[in-house]
Protein chains: 2
Amino acid sequence: MRNVTIVHVAEKARVSVKTVSRVVNNEPTVTPQLRERVQAAIDQLGYAPNIAARRLGGSRSFLIVAFNDRRLTLENWRSDRGNNWIDRMQYGAMLRCDVHGYHLLCELIDLESDQLARRVQHVLSSLRPDGVILTPPNCEDPTVLEALKRAQVPFVRMGSAAAGPGARVRMDDHAAARQLTEHLVGLGHHRIGFVTGSARFLASRAREDGYRQALAAAGLPVDETLLVPGDFTFEGGVSAAEALLSRPDRPTAILAGNDETALAVMHVARRLDIAIPNALSLATFDDTPSVRLSLPPLTTVRQPVAEMAAQAVDLLVAAAAKDGKLSRADHLLPFELALRASTAPPP
Amino acid sequence: MRNVTIVHVAEKARVSVKTVSRVVNNEPTVTPQLRERVQAAIDQLGYAPNIAARRLGGSRSFLIVAFNDRRLTLENWRSDRGNNWIDRMQYGAMLRCDVHGYHLLCELIDLESDQLARRVQHVLSSLRPDGVILTPPNCEDPTVLEALKRAQVPFVRMGSAAAGPGARVRMDDHAAARQLTEHLVGLGHHRIGFVTGSARFLASRAREDGYRQALAAAGLPVDETLLVPGDFTFEGGVSAAEALLSRPDRPTAILAGNDETALAVMHVARRLDIAIPNALSLATFDDTPSVRLSLPPLTTVRQPVAEMAAQAVDLLVAAAAKDGKLSRADHLLPFELALRASTAPPP
DNA sequence: CGTTCCACTGAAAGCGATTTCAACCGAAAT
DNA sequence: ATTTCGGTTGAAATCGCTTTCAGTGGAACG
C-alpha cells in the first residue's frame, strides 16, 4: 500500500504509464473506456501523483508562493489586535489551490534585510513555484519586484493600486468611494468634505472620482473648497481636518482618504469638541483594526481579501496551465461596506 | 543565469557533482580547500538546490505540512476576534523552517468531511512531507491520527495533552497551575477553590497537582472540599461554581480548569452578586479570546504557541535528518502568565 | 618495499513524473 | 486495393538531485 506510483496504476489498469498521466492531467485524447479503467485503478490504489516528480519531469510545480512580511506578521500576532489580512488571504488562496490541485507555500521575507533580493531569488529557484502572490507592503517593494521579474515568475500584487509589473487584484476604489458618498448623501448630508489621499497613488484619484460622481448623481454641487489634499499620513490628516473643521460653514460629514487620515480627523474633531457622529459623520477606507476598535467604530469599506486571493490563485494557475505567461491585467473586485456608528444623519 | 543546476556549479568549481552535493548538505568528508572552492562557485552562480529534485533523488522532501481546520480558520477571521493560534504557530514554524532550509506548507482540512481520511492521505502521498504539525482540534481527531500513522510520517501534536501516537509539544500544565496558585497566594488568598478539569485529560491531573503543590509549598492546608470536579464544559462549570459559591465559607479565589469553566464561574458569580475581583478572584488556563475580552479580562496562562511550533519543526527536521523516525516523546515548554484584572487581594 | 587502510572524490544508477516522438489502427480518400 | 490521415497509445529520454559503490592516492604498517 505504501508508495503507490504511476507504474503501479499503469500495471493494474493494463495501460502504459503515459496513459495514466493523460488521465491524471485530464488530457482529451483518451477513450472514455480506457479513462474509466484507469480512474478505477487510481481510486482503488489511492494513488496521488508525486508533486516533486511532476515538477521535475514537467513544466509546472503545482506550487504557489505567498510572501509575507516578517515584521508585519510578528506585529500582528503580538499586538493581539493586528489586522487579519494575512489569514484572510491565506484562507482564500488555500481554498482555490485545493480546487486546482495546487499547494500554497507561505514564505517570510524581511523587507529591511540587505539579503532580501538573495532570499527571494533563493526561494524562487529552489521551489520554482508556478506563481507568487504579493501582499502589502511587499507588493510595493522595488527589490522584491525586481527579483520576481528577473526570475520570470508570474506574480499577482494584491490590494495595491500602484502601477508596476505583474498582475493586480484589488478592490474597486472608485465604486467604494461612490457608495460611501451615497451612504452619506442618503443620510441627508449635503456638505461632505473629502480629505484626498496622496496623489502618488492611483487609488486616491479613483476615490476622488467616485466621490464626485456620487455627488453629481445625487444632483448635489461639488464645492471644491471641501476637497482638501491629504497625504495618507496622520500629520497630513490633521492639517486637512483643521482646515475643514475650523470653517464657519464646516461640512456635516467627512470622507477620509484612508484610515490613518480618518484617525487624524477624529483627533481634530475631539479637540474642537465636535461630536462624532452627532455633529459630524466620518467614513473612511481600508478597515484596519484601529478603525474598527476606535470610539466610535468607523464606517469603512472592507476589502474582499479572501476573494482577491482566490482570484490571484486562479490567474496564476491559468497562466501556468497555458504558457507560464501572466498578462499585466488589473482586476477589480467588489467590496463590502461596513456601516458603523461613525455615520449618522446631519445635526 | 537562469536555471543554475548542480552541474553548472560542479563545472565552475572543477569538481564532481557529488562533491557539490556534499558541500550543500554539509557532509564532513570534504577538504576545507575544496569546500571553499565549491562554496565560491555556489555564491557566484547564486545556486540554490532544486527542492523537487532533492526530494526525488533523496529521502527527504524538506517540506513540513501543517494541517489547519477549515472551519476554525474561517471562524477565526470572520469573527474579527478569533484567537491567533494559527498565526502564531505559522510564524514560529516558518522561522525555524527557514533556519533548516525547510518550507512550511499549510493545508486546510475539514474534520466534518467524510472525505477526511482520503484528503489527508492524498496530501501526504503527493507531497511526502518529512513531517506534519497538528494543532487543536486536529490533533485529537482519530481519523487524522490514523491516516498519519498509516502513512508512517512523523508528526507532532501541538498543545494537546491527549495521549496517542506521535510526539507532543505543549506547555507545562503542572507548573502553570502552580504559578497561578502562587500568584493567588501571593495576593493573600488562603481559601482557593479549584474547579478541576475532565479526568480524561492528562492536563487536568497535572493542573490539580500543581495547585496542590503550590499550596503545600506555601504551608497552606488543602481543603479537599474546595476541589470540585468540572468537565471542561460550561454546564459542568456552572454546577461546580454553584457548589463552591453557595457555601457560607466560600473561597475568596477560584482557579478554573479551563476557560470555558471560568466563564461559567463568572456567570454564577454575577447571578449571586459576587463581584470579581473585589469579592472573588478568578484565574484560568488557555487564554482564549473570550477570556481576554471578558469583563473583567481574566488572569490566565498564555501558551507559547510560536515556541511550540518552533520546537515541533526542530523535532521533525532532526528526525528526517536521522532515520525518519520520531520518538513519541512529550515536550514541555515554559509559558507566560497573563496577569489581568480578575485577580486581586481578598476582601 | 609492498600491503593495508583510511580519507576523500567521482561515475553511474535511480527517483516518479512529463515530454517527445514513434507506432499503431481503422476510416476516408485515391 | 492501396495510400493517407487523424486520433490513440506506448517507449524512451529527460528533469536535477541523492545514493550506492567503485576508485584513487597517500600515510601507516609490517
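Sequence lines set the chain letters: A, B, ... in the order given, protein chains first and strands last, and positions in each chain run from 1. In what follows, every heavy atom counts, from backbone to side chain, and hydrogens, waters and symmetry copies are set aside. Everything numeric in this text was worked out from a predicted model, so none of it was measured.
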> What nucleic acid atoms does A/V24 come within less than 4.0 Å of, heavy atoms only: base, sugar-phosphate, or nothing?
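Counting heavy atoms under 4.0 Å across all strands, no contact is made by A/V24.
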> Expressed in angstrom and rounded to an integer, what is the separation of A/L63 atom CG from C/dA17 atom C1'?
15 Å
> Categorize B/V15 for me: base, sugar-phosphate, or nothing, with a 4.0 angstrom heavy-atom threshold over every strand shown.
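Answer is sugar-phosphate: B/V15 comes under 4.0 Å of backbone atoms only.
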> How is B/G57 classified with respect to the nucleic acid when contacts are heavy atoms under 4.0 Å: base, sugar-phosphate, or nothing?
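If one applies the 4.0 Å heavy-atom cut-off, B/G57 turns out to touch a base.
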> How do B/K18 and A/V7 order along DNA chain C: which one's closest nucleotide is nearer the 5' end?
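Per heavy-atom nearest nucleotide, the more 5' residue is B/K18.
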> Name the nucleic acid region contacted by B/Y47, choosing base, sugar-phosphate or nothing; use a 4.0 angstrom heavy-atom cut-off, strictly under.
sugar-phosphate
> Are any of the side-chain nitrogens in B/D130 or B/R60 under 4.0 Å away from the carboxylate oxygens of its partner?
no
> OP1, OP2 of D/dG10 versus side-chain N and O of A/T19: anything below 4.0 Å?
yes
> Under 4.0 Å between any heavy atoms, over every strand shown, what does B/L34 touch: base, sugar-phosphate, or nothing? Just pick one.
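Answer is sugar-phosphate: B/L34 comes under 4.0 Å of backbone atoms only.
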> CZ of A/R55 versus P of D/dC17: gap in Å, rounded?
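A/R55 atom CZ is separated from D/dC17 atom P by 10 Å.
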> When you check the gap from the basic side-chain N to the acidic O, do B/R96 and B/D314 get nearer than 4.0 Å?
yes
> Output the rounded distance in Å from NE2 (A/H8) to P (C/dC15).
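Whole-Å distance recorded here is 10 Å.
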> With a sphere of 6.0 Å drawn around CD of A/E146, does it hold more than 12 non-hydrogen atoms of other residues, nucleotides or ligands?
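Buried by this count: over 12 neighbours within 6.0 Å.
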> Please tell me if A/N25 has a side-chain N or O lying less than 4.0 Å from either OP1 or OP2 of C/dT18.
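Checking A/N25 against C/dT18: at least one side-chain N or O falls below 4.0 Å of OP1 or OP2.
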> Which of these nucleotides, C/dT18, D/dT9, C/dG16, is closest to any side-chain atom of A/V17?
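Minimum distance to the A/V17 side chain belongs to C/dT18.
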> In terms of side-chain heavy atoms, does B/R128 have a donor or acceptor partner in A/N3 at a distance below 3.5 Å?
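A/N3 and B/R128 do have a side-chain donor-acceptor pair below 3.5 Å.
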> Assess whether a salt bridge exists between B/R119 and A/D98, defined as any Lys/Arg side-chain N lying under 4.0 Å from an Asp/Glu carboxylate O.
yes
> C/dT9 phosphate, OP1 or OP2: any side-chain N/O from B/S16 under 4.0 angstrom?
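No, because none of the side-chain N or O atoms of B/S16 sits under 4.0 Å from OP1 or OP2 of C/dT9.
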> To the side chain of B/S21, which of D/dA11, C/dT9, D/dT18 is closest?
D/dT18
> Does C/dT19 have OP1 or OP2 sitting under 4.0 Å from an N or O in the side chain of A/S59?
yes
> Taking the side chain of B/T31 as its heavy atoms from C-beta onward, which of C/dT20, C/dT9, D/dT18 lies nearest to it?
C/dT9
> Answer with base, sugar-phosphate or nothing: what part of the nucleic acid does A/R22 contact at a heavy-atom distance below 4.0 Å?
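If one applies the 4.0 Å heavy-atom cut-off, A/R22 turns out to touch a base.
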> Send over the distance from A/N50 CG to C/dT18 P, rounded to a whole Å.
10 Å
> Please report, rounded to the nearest Å, how far the P atom of C/dG16 is from the CZ atom of B/R54.
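Whole-Å distance recorded here is 18 Å.
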> Is the positively charged end of A/R55 above the ring of A/F62, judged by distance under 6.0 angstrom from the centroid and angle within 45° of the axis?
no
> Please state how far atom CG in B/L56 lies from atom C1' in C/dG14, giving the value in whole angstrom units.
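One finds 9 Å between C1' of C/dG14 and CG of B/L56, rounded.
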> Starting at atom CD of B/E11, determine the distance to atom P of C/dA11, rounded to an integer number of angstrom.
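Result: 12 Å.
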> Could you tell me the separation between the CD1 atom of B/I6 and the P atom of D/dT19, rounded to a whole number of Å?
11 Å
